[in-house]
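Worksheet: the structure to be examined is printed underneath.
Being a predicted model, the structure only gives us computed values, none of them experimental. Chain identifiers are assigned alphabetically (A, B, ...) following the order of the sequence lines, protein sequences preceding nucleic acid strands; residue numbering begins at 1 within each chain.
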Amino acid sequence: MISIKNLHASIGEKEILRGINLEIKAGEIHAVMGPNGSGKSTLASVLAGRTDYEVTQGEVIFNGKNLLDLSPEDRAREGLFLAFQYPVEIPGVSNINFLKTAVNEIRAYKGQEDMPAKDFLALVKEKQKLVELDGKLANRSVNEGFSGGEKKRNEIFQMAMLNPKLAILDETDSGLDIDALRIVASGVNALKSKDNAYIVITHYQRLLDYIVPDFVHILYNGKIVKSGGKELALELEAKGYDEIKEKFESLES
Amino acid sequence: MANEILEEHINSEYKWGFTTDIETDTFAPGLNEQVVTALSKKKNEPDWLLEFRLKAFRHWQTLPEPNNWAHLTYPKINYQDISYYSAPKIKPELKSLDEVDPEILKTFEKLGISLEEQKRLTGVQSNIAVDAVFDSVSVKTTFRETLSEKGIIFCSFSEAVQEFPELIKKYMGTVVPYTDNYFAALNSAVYSDGSFCYIPKGVRCPMELSTYFRINATGTGQFERTLIVADEGSYVSYLEGCTAPQRDENQLHAAIVEIITHKNAEVKYSTVQNWYPGDKNGKGGIFNFVTKRGICLEDNSKISWTQVETGSAITWKYPSVILKGNNSVGEFYSVALTNNMQEADTGTKMIHIGKNTRSTIISKGISAGKSNNSYRGLVQIRKGATNARNFSQCDSLLMGDKCGAHTFPYIEIKDKTAIVEHEATTSKIGEDQLFYCKQRGIDNEKAIGLIVNGYCKEVLNKLPMEFAVEAQKLLAVSLEGSVG
Ligand SMILES: Nc1ncnc2c1ncn2[C@@H]1O[C@H](COP(=O)(O)OP(=O)(O)OP(=O)(O)O)[C@@H](O)[C@H]1O
Ligand SMILES: [Mg+2]
């Protein structure tokens with residue numbers, strides 16, 4: 001699905017990603033954990049094509065294509081989806097209109113006709129149910145005046161609508177109440193298939209009780225410093241980052 | 001990054017920039033009393049109208065040319081270089097559409113305006129009556145007969161002068177006197193044509209009425225007048241559209257629109273202004289100096305202006321409402337978009353005279369390129385206008401960092417019971433918003449279109465359906481290539 005090799009990225013003079021290696025196959029779920037400021041969101045942004053960051057080294061192959069050569073919109077059209085840590089508000093643009101534009105742009109890229117309005121509305125209904133999104137939210141402006149939790153749920157709704165190959169969920173669990181967490185997780189599980197993959201960025205084991213990862217990676221200071229199975233998350237939950245911090249701080253100095 | 005791409009600035013194409021080859025009857029450039037008189041004679045006008053023109057002309061000559069009152073800079077206009085009359089050579093009396101110059105018909109078809117009543121571009125029966133003004137004269141008004149069955153008068157201004165002189169004499173110049181300002185005086189002296197509309201007592205106009213202005217001839221100015229009178233308890237929705245060919249020279253458009261509403265009457269006036277804005281270096285384009293004003297003459301009447309301004313090199317325009325009747329309502333909804341070197345200074349005046357009068361102002365400015373966009377508005381509550389209310393909201397959206405947005409709200413309150421609220425915001429089109437859209441597979445241009453249309457939604461919602469769709473497309477086209 002995606003193969004990230006020695007990825008370095010900086011903003012201005014500051015190097016934030018310092019050699020990321022990650023291999024993800026279809027059907028897998030990878031959790032990425034790590035302390036605040038370690039570069040998790042940066043990794044997500046760089047993969048999605050945010051231009052604030054400069055990729056200085058490395059290579060990313062996504063479904064046989066050189067991801068870093070593609071524009072952000074083409075990455076999305078190729079099936080990369082990012083559920084934002086801080087979803088953006090677009091006043092005056094209804095969620096439905098926004099999604100219809102997105103769906104049809106992606107279809108056009110694939111040489112398909114616009115989705116007939118009837119099918120589109122049916123799809124909206126179906127996916128709305130999946131994440132138990134209030135019908136009113138779907139008709140309101142994109143994220144405008146949404147609560148923190150509603151925004152996150154809306155991200156998953158969009159993901160369900162766009163049916164990506166690789167979805168990166170950046171702290172989708174933060175700000176969700178227990179019920180919403182379960183709903184979002186079961187939505188993700190329902191969408192999971194042998195043909196798609198997930199990168200789940202989180203600080204908490206709690207989410208991983210629902211979305212069970214195949215691999216857990218710890219990002220620290222712009223590098224993946226430890227990888228393991230789902231038990232690694234439990235271990236972290238118990239011990240915190242102190243051990244890792246100590247070990248790598250001494251290594252670096 | 002966004003800035004780099006901004007600099008690449010491709011010239012967004014003006015799709016209405018073609019010219020039409022037709023034979024015209026055009027005055028030599030120049031302006032004096034003989035020209036004014038010749039114009040009046042050409043139109044076979046009654047003496048009182050010639051007098052009106054001459055008075056206006058003499059007054060105009062005494063006025064200094066304004067240059068500093070608006071946030072605009074433009075080269076001095078030489079009024080002697082302009083031709084004040086240009087008309088397609090047509091037979092004096094048009095019996096049917098077949099007699100309209102086919103080139104002109106083609107022009108309007110190309111602009112999406114059908115002058116054949118039974119035909120609509122979509123193939124559906126049209127529900128808009130059109131008065132098509134080509135250069136200085138009205139070439140065709142559709143649906144006149146249908147409308148006249150209800151007693152509605154909708155025709156060119158020149159025809160109205162011949163057929164309904166008493167109405168014209170009664171109302172013309174009562175809302176915008178020729179002494180009002182420099183361009184109003186000029187227009188009053190040399191106006192060539194325009195539209196007249198009268199809705200009789202108790203009649204709800206069954207279709208949208210529309211004037212479409214097209215400047216074609218070179219070296220001419222366009223000076224037209226629109227007069228709309230809504231008698232007691234009547235209603236009409238009026239649309240105005242305009243385009244001009246792409247030319248290197250600047251052309252002057254100085255129009256007057258007057259609206260009068262009697263008791264319980266309502267007029268909704270919508271404009272999509274799309275005069276040629278000039279090229280990306282600011283060469284060419286229309287100078288648009290327009291005086292638009294309505295008066296709610298009697299109680300419980302309402303005047304609503306909605307405008308989408310995307311064209312013209314320079315726009316100077318303040319559609320206003322004088323709220324004279326008690327409980328009358330004035331509204332102003334505006335989107336003004338400037339790109340490249342365009343300059344716009346637009347806004348409104350709400351003059352509260354009657355009791356319990358209310359006004360609402362929603363202005364959305366969008367500046368891109370190196371353009372300058374100003375909102376200028378006056379809310380005046382006169383003594384005795386008890387319980388007057390105004391709400392104003394003026395938002396500015398900036399694209400890039402080479403453009404300017406300015407807000408000049410003037411508030412004069414002479415009555416203690418008044419409640420006046422003013423809100424203003426300035427925002428930049430966010431990189432975050434753009435990236436969010438792109439991450440969903442939406443490209444830059446479409447994303448800007450979405451965001452801008454969202455920003456203008458409150459105003460676009462006020463436009464009649466078909467116009468709103470047009471306006472949305474126009475906003476997108478006008479911004480093509482404006483942000484990276
Ligand atoms: N646009 C930016 N300008 C300057 N510094 C930035 C920018 N974006 C990220 N950084 C810095 O890069 C580092 C990594 O940030 P990032 O947001 O990727 O962390 P994170 O692992 O997602 O943290 P959190 O768990 O708090 O979300 C931080 O030190 C942050 O301040
Ligand atoms: Mg983060």
_Within 45° cone of B:Tyr238 ring axis and under 6.0 Å: B:Lys268 NZ or CZ_ = no

_Could you check whether A:Arg107 makes a cation-pi contact with A:Tyr109, meaning its NZ or CZ is under 6.0 Å from the centre of the six-membered ring and within 45° of the ring axis?_
no

Please classify the contact of [X] with chain B as side chain, backbone, both or neither, using a heavy-atom distance under 4.5 Å.
X       : result
A:Arg75 : neither
A:Leu82 : both
A:Phe98 : both
A:Glu89 : backbone

*asked:* Less than 4.5 Å to any heavy atom of chain A: does that hold for the side chain of B:Tyr455, its backbone, both, or neither?
replied: backbone

*B:Cys437 versus chain A, the contacting section by heavy-atom distance below 4.5 Å*: both

*Is there a donor in the side chain of B:Ser371 and an acceptor in the side chain of B:Asn339, or the other way round, less than 3.5 Å apart?*
no

_Which label fits B:Tyr375 and B:Phe332: parallel for a plane angle under 30°, tilted from 30 to 60°, or perpendicular past 60°?_
tilted

*Based on non-hydrogen pairs under 4.5 Å, which of A:Val103, A:Leu99, A:Thr101, A:Asp52 is most in contact with chain B?*
A:Thr101

_Most contacts with chain B, counted as non-hydrogen pairs under 4.5 angstrom, among A:Leu80, A:Val142, A:Asn97_ = A:Leu80

*I would like to know whether A:Asn154 and A:Phe157 meet side chain to side chain contact (heavy atoms under 4.5 Å, CB included); could you show each step before the answer?*
CA-CA 5 Å; A:Asn154 194 27; A:Phe157 169 59; 3.5 Å; yes

_Winner by heavy-atom pair count (cut-off under 4.5 Å) against chain A, out of B:Leu460, B:Asn453, B:Leu450_ = B:Leu450

*Kindly indicate, with the supporting measurements, whether the criterion side chain to side chain contact (heavy atoms under 4.5 Å, CB included) is fulfilled by A:Glu105 and B:Arg440.*
CA-CA 9 Å; A:Glu105 288 278 282; B:Arg440 299 300 185 246; over 6 Å; no

*Show the numbers, then the answer: is there a side chain to side chain contact (heavy atoms under 4.5 Å, CB included) between A:Ile11 and A:Glu54?*
CA-CA 6 Å; A:Ile11 191 153; A:Glu54 193 192 345; over 6 Å; no

